[in-house]
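Below: one structure, written as structure tokens.
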Amino acid sequence: MSNGEGENPNSISSIRYYRLTDENAKTFYDEWRLKTMAIIRKKGWFRPFEHPEEEIPTTTPAATATDEVKELFKSNEEAYDQVLMGCSGVPLGIVRRARGNVRLAIELLDEKFAEKDESNLTELLQEFTGCKLEDT
């Protein structure tokens, strides 16, 4: 869906969330992360991950802030909300500990749930390439 004339520009049209829960976090995390990061990239909210050394503002920047700082804040806010909305239970608690910083939220989730060796990554990539779209 897209916003056409006459529609509220602040309305949520069609957003996809992959659920990360207590029940599936250990087995589904790597796939969830891959898909969630793809959504973040597609929506144009990847800025917080492009420059890992850059400090992410988690409160509304002052009116005198640069456009870059304002854009980083907005990208972080949108990406954080995407991650937050996709989690429940323990994963949600971990994301909340990041206090609005999406980069930190992903790092904390990685520490808790990510597979640690390359053999699992290879297996995950093979599973992902075997996926088929349900609908165009």
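The first residue of the sequence shown is numbered 1, and numbering continues consecutively from there. The figures here come from the full heavy-atom set of this structure, side chains too, leaving out hydrogens, waters and symmetry mates.
- The structure places CD of Glu55 at 15.0 Å from NE2 of His51, a figure rounded to the nearest 0.5 Å.
- Between Pro61 and Ala65, the shortest heavy-atom distance links the atoms CB-CB, 3.7 Å.
- Nearest heavy atoms, Asn24 versus Thr21: OD1-N, 2.7 Å.
- Within the 4.5 Å cutoff, the side chain of Pro57 has heavy atoms near those of the Val69 side chain.
- Proximity of Val83 to Leu109: side-chain heavy atoms (C-beta onward) are separated by under 4.5 Å at one or more points.
- When all heavy atoms of Ala105 and Val95 are compared, the closest pair comes out as CB-CG1, 4.2 Å.
- Using a 4.5 Å heavy-atom threshold, the side chains of Pro48 and Tyr80 count as separate.
- Hydrophobic clustering (side-chain heavy atoms under 4.5 Å, transitive across Ile, Leu, Val, Met, Phe, Trp, Tyr) keeps Leu72 apart from Phe46.
- Considering Leu108, Ile94, Asp30 in turn, Ile94 is the only one that fulfils the side-chain contact (heavy atoms from CB on, under 4.5 Å) rule with Phe113.
- Between Val102 and Glu77 the shortest side-chain heavy-atom distance does not fall below 4.5 Å.
- Under the 4.0 Å criterion applied to side-chain N and carboxylate O atoms, Lys74 and Glu78 are assigned as salt-bridge partners.
- Between Gln82 and Tyr17, some side-chain heavy-atom pair lies under the 4.5 Å cut-off.
- Residues Ile40 and Ser75 fail the side-chain proximity criterion, which asks for heavy atoms closer than 4.5 Å.
- The environment of Glu71 atom CD is dense: over 12 non-hydrogen atoms of other residues, nucleotides or ligands sit within 6.0 angstrom.
- Considering CE of Met85 and CZ of Arg19, their distance stands at 10.5 Å, rounded to 0.5 Å.
- Around the CD atom of Glu50, the shell of radius 6.0 Å holds more than 12 heavy atoms that belong to other residues, nucleotides or ligands.
- At distances below 3.5 Å, at least one donor-acceptor pair connects side-chain atoms of Arg103 with backbone N or O atoms of Pro52.
- For the atom pair CG (Leu20) and CZ (Arg33), the distance works out to 12.0 Å, reported to the nearest 0.5 Å.
- Two residues are said to be in side-chain contact when any heavy atoms from C-beta on lie closer than 4.5 Å; Phe73 and Lys70 fail this criterion.
- One finds the CG atom of Asn101 at 4.0 Å from the CD1 atom of Ile56 (value rounded to the nearest 0.5 Å).
- At least one donor-acceptor pair closer than 3.5 Å links the side chain of Trp32 to the backbone N or O of Tyr18.
- Contact of the Arg41 side chain with the Phe49 side chain is not registered, since no non-hydrogen atoms from C-beta on lie closer than 4.5 Å.
- Atoms CD1 and CE, on Ile106 and Met37 in that order, are 5.5 Å from each other to the nearest 0.5 Å.
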